[in-house]
Engineer: 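Before I ask anything, let me first share the structure, which is written out below as structure tokens.
Per chain, numbering begins at 1; letters A, B, ... match sequence-line order.
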Amino acid sequence: MIRAEEVSYAVNGSRIVDGVSLEVEAGEFVGIIGPNGAGKTTLLKLLGGVLPATSGTVRLHNQSLIQMKPRAIARTVAMVPQDTRLDFSFSVRQVVLMGRHPHLGRFDVEGPQDFALVEQAMAQLEIADLADRTITTLSGGERQRVFLAKALAAQPQLLLLDEPIAALDLRHQFNVLSLLKRLSRANHAVVVVLHDLNLAARFCDRLALIHAGQLAGCGAPADVLNEDVMRRVYRIEAVVRHDPLIETISITALQQEESGEQ
Amino acid sequence: METTSKAVTAGGAPILRSTMYRRLAGWSLALSVLLAGVVIVACAVGPVQIAFADSAAVILDELGFKSGIEYTQRDMLVVRDLRLPRVLVGALVGAALAVSGAAMQALFRNPLAEPGIIGVSSGAAVGATAAIYFEWTAISQWALPSASFIGSLVAISVVYLIASVGGRPSMATLLLVGIGMNASMGAITSVLVANAPDEQQLRGIVFWLQGGLEARTWEHVELVVLPILVGCAFISVFGRDLNVMLLGDEQARSSGVNVPQVRALLLVTASLLAGVAVSVSGIIGFVGLVVPHIVRLVIGPDHRLLVPTSGLLGASFLVAADTIARMAFQPVILRVGVVTALVGGPAFLLLVLRARREGVV
């Protein structure tokens, strides 16, 4: 589906993403993890074609992203941003409808099918009762689900999400991750930047660990996350053990060392 | 889950039935009726009072409809040759400023943006002031509008060039450079005003800076009608793109909008629209800032509706303001640019109050 080949992104000579190669297939649920400032968000933007790679190429269905029109990319790839602030008083439904933009011609208006997709996406994210509310009156977590619904309404084959559960309560964190998991099982490709390593390990098929712009590990959660990695990349002492209750690894930090990381 | 199903049936159905185009048609029709009414009244009132029916009849006959109403030759000449061109220039200028303002507010993602934000009006002011100061106005009646338009072109070109140093201009850079440009252009205008050689020129400059539509002819209408209508139509067609661009550059890009290209196109179109308008009217503030706001408070932020309806309301607003400027408080001279602020200011404040009470703002 999507393949990054040795992609780098540099600003003023410093490489924020440095020669990362990563391939994600349809049906996969991949988490991008790493400490603050590692380049996770930039990598996600490179995969979505929002930023142009300084070197290397990103290919979507074997076609280089730079050679594709934004509209063509947007019909296949949807992104959910980290920052969801908005100063103009659109209703929730209007924002979710904007997800249909790449599928509509310049003079088209949304038809019954578009509205059906929008209602479905809002129901999936439990925001149907907010449909006529103004987006400026919503909480951060509610806005995050609105933008996720907008992405779903676009019917993408590839979903790229930047910390989609950062502002959500526990119930909605699980609901959103379960929804993404179901989507990946329905043959979508899902790439998600996550900070919660336990949830990442529990839900993702594969984890890509980014450290200082480089790919520091990629594979099944149990293969990527271990105590040595926690010490080296996250600079924290932690115990990584198998949790039989959830059949996956669980990470417990031991020492809250103040090292500039959160 | 109960609330979910309720909202789908209660909140979803009306939207399905009334499409965006139906709302657009409804509002456009209502505002067109308003505009027609304002135009008829504006053509009827003046030193020579003409009955509304006669005013309407002259306009209808002029448009090629046979109204069948009898009116005097004198009334016909007053409406057709004196008032109608002035009213039409006012309507076109009002529409251009309102559409330009709506576009700028969306492009800058800032409700306080207005058509002159990147230097159009202040550049036009320097051009027009220079034309009056150096008496180019004696050469041809087109010297003033030409100098004004060239002034705005120079100003926005310089702003764009400076903002483009070191890569594609960001909107924040454009805004900053625009502020700098407005300040320096204002300074040049002040120098020319302070050094105006005689009363006549000083008055000419001050009047131009306060905006005015007197003595506009059919030639003025012909000069601006095409660029303004084409410009307004062009921006209207990008309504959905403007909506998506309000979500931010990256969301717009990932929703399929070619952001740098669309933004450059609309920024140039909106600026030129304002430049054309100002060249035949002088500086008229407030229309471009307030009219889109009024529309947004009443019918919401969807730019597919907002842009064309702002144009129609802007047209009515400026024609009405010009009529008040002509008629009210004689012999006190009220310039139309002053009236737009006098009328628009309180109207705007009332709407803000209402919106705050309803918790929208």
Engineer: Can you tell me how far CZ of A/F88 sits from CD of B/Q105, rounded to the nearest 0.5 angstrom?
Structural biologist: 6.5 Å
Engineer: Just so I understand: if I count every heavy-atom pair under 4.5 Å between each of A/G49, A/P156, A/A72, A/S91 and chain B, which residue has the most?
Structural biologist: A/G49
Engineer: Can you say whether B/V257 sits under 4.5 Å from chain A via the side chain, the backbone, both, or neither, judging by heavy atoms?
Structural biologist: both
Engineer: To the closest 0.5 Å, what do you measure between CZ (A/F90) and CG (B/L246)?
Structural biologist: 4.5 Å
Engineer: Please round to the nearest 0.5 Å and tell me the distance separating atom CE of B/M245 and atom NE2 of A/H101.
Structural biologist: 10.0 Å
Engineer: Quick one: pull up OG in B/S255 and CD1 in A/I73 and give me the separation to the nearest 0.5 Å.
Structural biologist: 12.0 Å
Engineer: What residue pairs, at least two apart or across chains, pass ring-ring contact (aromatic ring centres under 6.0 Å, His included) with a residue in residues 229-260 of chain B?
Structural biologist: B/F234-B/F238
Engineer: If I compare all heavy atoms of A/V50 with all of B/E250, which pair ends up nearest, and what's the gap?
Structural biologist: CG1-CG, 3.0 Å
Engineer: Taking 4.0 angstrom as the limit, do A/R106 and B/D241 come out as a salt bridge?
Structural biologist: yes
Engineer: Evaluate the side-chain proximity of B/R240 to A/R100: yes if any heavy-atom separation is below 4.5 Å, no if none is.
Structural biologist: no
Engineer: Give me the contact list for residues 77-85 of chain A versus chain B, heavy atoms only, anything under 4.5 Å, ordered by residue number.
Structural biologist: A/V77, A/M79, A/V80, A/P81, A/R85
Engineer: What part of A/I135 gets closer than 4.5 Å to chain B, counting heavy atoms only: side chain, backbone, both or neither?
Structural biologist: neither
Engineer: If you count heavy-atom pairs under 4.5 Å between each of B/R253, B/R296, B/R304 and chain A, which one has the most?
Structural biologist: B/R253
Engineer: Which atoms of A/F107 are under 4.5 Å from chain B, going by heavy atoms: the side chain, the backbone, both sets, or neither?
Structural biologist: both
Engineer: For the CD atom of A/Q94 and the CG atom of B/D302, what is their distance to the nearest 0.5 Å?
Structural biologist: 5.5 Å
Engineer: Are B/N258 and A/K69 packed together at the side-chain level, in the sense that at least one heavy-atom pair is separated by less than 4.5 angstrom?
Structural biologist: no
Engineer: Locate the shortest heavy-atom distance separating A/S89 from B/P301; write the atom from each residue and the value.
Structural biologist: O-CG, 3.3 Å
